[in-house]
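When reading the values below, keep in mind they use all heavy atoms of this one structure, side chains included, and skip hydrogens, waters and symmetry mates.
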Amino acid sequence: MSKIEEVKAKVEIGKSKLVPGLVQEALDEGNSAEDILQAMVDSMGVVGEKFSRGDIFVPEMLIAAKAMSKGVEVLKPVLAGDGSSKLGTCIIGTVQGDLHDIGKNLVSLMIESAGFDVVDLGVDVPAAQFVEAIKENSNVKIVACSGLLTSTMPAMRETVATLKASGLTGFNVIVGGAPVTSEYAAEIGADAFAPDAGTAAVKAKELATA
Ligand code: B1M
């Protein structure tokens with residue numbers, strides 16, 4: 001089994017103590033950070049499928065998520081650019097009712113690498129808190145909303161509506177997360193949709209420099 005396959009297998013079964021070392025070994029073997037990250041994202045896909053089938057339950061999903069987060073920590077310095085060009089501030093959070101943060105954290109990392117100062121509001125963020133954060137921080141150019149559950153898509157809609165109705169200007173809203181589509185993003189009035197963290201960073205840069 002290759003190192004990268006080992007990473008994938010150990011994330012799936014939530015071996016958070018082993019994963020960081022394996023990720024480092026996979027890097028040392030010459031695998032790219034992007035390929036290792038993709039292997040871990042694939043693991044979470046498998047975990048999700050097992051959960052859907054009823055083969056595993058929430059605690060197993062949680063430990064797999066923890067293992068992936070530990071692996072991402074090792075990749076962070078490799079994935080992150082120097083972030084030297086300053087494009088403004090990005091407020092990011094997972095919408096209200098939703099506790100998933102791995103995708104949001106990756107988006108945060110990539111947007112920071114693209115040159116933004118990132119203010120991460122965490123998970124389960126009410127619409128009003130996004131608005132407050134824009135008021136409390138200077139030069140906010142991007143508000144990034146993540147959501148992983150179909151049941152929290154209405155919260156994403158409410159967040160975008162609240163941001164647009166706030167009277168505040170000078171920023172664009174990017175939305176994303178597994179159940180979100182470009183059609184849905186357009187329907188709820190978001191300025192952009194991104195299917196993955198890398199694209200979110202590209203769109204954020206495009207919007208902030210347009
Ligand atoms: Co959750 N969960 N979960 N879960 N969980 C899913 C999402 C699910 C698809 C699993 C399944 O059934 N197959 C399912 C949702 C079904 C649906 O709504 N359609 C589900 C469910 C049902 C639940 C609970 C309701 C389970 C329960 O309690 N019965 C519960 C809800 C809790 C809540 O949020 N209120 C729950 C809980 C959890 C844990 C807490 C145990 C844990 C999360 C831990 C954590 O995040 N710290 C967890 C996990 C780990 C998952 C799966 C297995 C993995 C998610 C993940 O991290 N993926 C997930 C199955 C799956 O995704 N296939 C599942 C890896 C990550 C890199 O991908 O977050 O999609 P993702 O991010 C991607 C893109 O979506 C995108 O970029 C990233 C890649 O570059 N992206 C953006 C994300 N945000 C973006 C924002 C952007 C742009 C792109 O712009 C701003």
* To do: Taking the side chain as every heavy atom from C-beta outward, state whether Phe51 and Val58 have any pair of such atoms under 4.5 Å apart.
  => yes
* Which heavy atom in Ala33 sits nearest to a heavy atom in Val78, and how many Å separate them? -> CB-CG1, 3.8 Å
* Are side-chain heavy atoms of Gln96 and Val125 found at a separation under 4.5 Å? -> no
* Asked: Between Asp42 and Val46, is a side-chain contact (heavy atoms from CB on, under 4.5 Å) present by the stated rule, with each step listed?
  -> CA-CA 6 Å; Asp42 292 346; Val46 174; 5.7 Å; no
* Would you find a donor on one side and an acceptor on the other, under 3.5 Å apart, between the side chain of Thr94 and the backbone of Gly147? -> no
* Do Asp196 and Thr199 have side-chain atoms, one donor and one acceptor, less than 3.5 Å apart? -> yes
* Grab the two heavy atoms, one from Pro154 and one from Thr150, that are nearest each other, plus how far apart they are. => CD-O, 3.7 Å
* Side chain proximity check, Pro59 to Leu62, heavy atoms < 4.5 angstrom -> no
* Asked: Can you check salt bridge (Lys or Arg N to Asp or Glu O under 4.0 Å) on Lys203 and Asp191, steps first, answer last?
  -> CA-CA 10 Å; Lys203 295 237 166 144; Asp191 300 297; over 6 Å; no
* Yes or no on side-chain contact (heavy atoms from CB on, under 4.5 Å) for Lys135 and Val140, after CA distance, side-chain angles and deciding distance? -> CA-CA 9 Å; Lys135 291 181 187 161; Val140 175; over 6 Å; no
* Asked: Quick one: CZ on Phe171 to CG on Asn137, what's the gap to the nearest 0.5 Å?
  -> 12.5 Å
* To do: Give a yes or no on whether Phe193 and Val95 share a hydrophobic cluster (residues Ile, Leu, Val, Met, Phe, Trp, Tyr; joining criterion: side-chain heavy atoms under 4.5 Å apart).
  => yes
* Structure fact -> Looking only at heavy atoms, the pair that brings Leu87 and Ala114 closest together is CD1-O, 3.3 Å
* Are Glu5 and Lys8 within salt-bridge range, i.e. N to O under 4.0 Å? -> no
* Asked: Between Val160 and Ile188, which heavy-atom pair has the shortest distance, and what is it?
  -> CG1-O, 3.2 Å
* To do: Go through the steps for Leu22 and Lys3 under the test side-chain contact (heavy atoms from CB on, under 4.5 Å), then give the verdict.
  => CA-CA 7 Å; Leu22 288 169; Lys3 259 323 147 207; 4.1 Å; yes
* Got Cys90 and Val143 here, is their nearest side-chain heavy-atom distance under 4.5 Å? -> no
* Asked: Where the side chain of Asp98 meets the backbone of Thr152, is there a donor-acceptor pair that is under 3.5 Å apart?
  -> no
* Structure fact -> Here the gap from Cys145 atom SG to Ile174 atom CD1, rounded to the nearest 0.5 Å, amounts to 9.5 Å
* Determine, for Lys50 against Glu60, whether the closest basic-nitrogen to carboxylate-oxygen distance falls under 4.0 angstrom. => no
* **Separation of Asp35 CG from Ile4 CD1 (nearest 0.5 Å)** => 5.0 Å
* Counting N and O atoms only, with roles assigned by atom type, does the side chain of Asn105 sit under 3.5 Å from a partner on the main chain of Asp101, one being a donor and the other an acceptor? -> yes
* Could you tell me whether Lys164 atom NZ has more than 12 heavy atoms of other residues or ligands within 6.0 Å of it? => yes
* Would you say the side chain of Glu136 lies within less than 4.5 Å of the side chain of Val119, judging by non-hydrogen atoms? -> no
* What's the spacing between Ile63 CD1 and Met68 CE if we round to 0.5 Å? -> 15.5 Å
* **4.5 Å side-chain heavy-atom contact, Glu6 and Glu25** => no
* Taking atom CD1 of Ile111 and atom NZ of Lys104, what is their separation to the nearest 0.5 Å? -> 11.5 Å
* Asked: Does Met153 reach the side chain of Pro179, with side-chain heavy atoms less than 4.5 Å apart?
  -> yes
* Tell me whether Leu106 is reachable from Val123 by hopping between hydrophobic residues (I, L, V, M, F, W, Y) whose side-chain heavy atoms are closer than 4.5 Å. => no
* Asked: Okay, side chain of Asp124, backbone of Gly97: is any donor-acceptor separation there less than 3.5 Å?
  -> yes
* Consider only side-chain heavy atoms of I, L, V, M, F, W and Y, link residues closer than 4.5 Å, and tell whether Ile134 and Phe130 are in one cluster. => yes
* Let me see the working for Asp117 and Lys141 under salt bridge (Lys or Arg N to Asp or Glu O under 4.0 Å), right down to the final yes or no. => CA-CA 10 Å; Asp117 290 320; Lys141 296 282 188 201; over 6 Å; no
* Taking C-beta and beyond as the side chain, do Leu79 and Leu109 meet within less than 4.5 Å on heavy atoms? -> yes
* To do: Using a strict 4.0 Å threshold on nitrogen-to-oxygen distance, state whether Lys70 and Glu73 make a salt bridge.
  => no
* Asked: Do the side chain of Ser146 and the main chain of Gly177 share a donor and acceptor less than 3.5 angstrom apart?
  -> no
* Report the C-alpha distance between Leu27 and Gln24 in whole Å, list the side-chain angles of each, state the deciding distance to 0.1 Å, and finish with yes or no for side-chain contact (heavy atoms from CB on, under 4.5 Å). => CA-CA 5 Å; Leu27 280 172; Gln24 187 58 57; 4.3 Å; yes
* Identify whether Val19 and Val74 are in the same connected component of the hydrophobic contact network (ILVMFWY, side-chain heavy atoms under 4.5 Å). => yes
* Structure fact -> In short, Ala192 meets Leu207 closest at the heavy-atom pair CB-CD1, 3.9 Å
* Asked: Among the clusters formed by ILVMFWY side chains lying less than 4.5 Å apart, do Leu148 and Ile56 turn up in the same one?
  -> no
* Structure fact -> When rounded to the nearest 0.5 Å, the distance separating CD of Glu158 from CG of Leu163 is 10.0 Å
* Structure fact -> Val47 and Ala64 have their tightest heavy-atom pair at CG2-CB, 3.8 Å
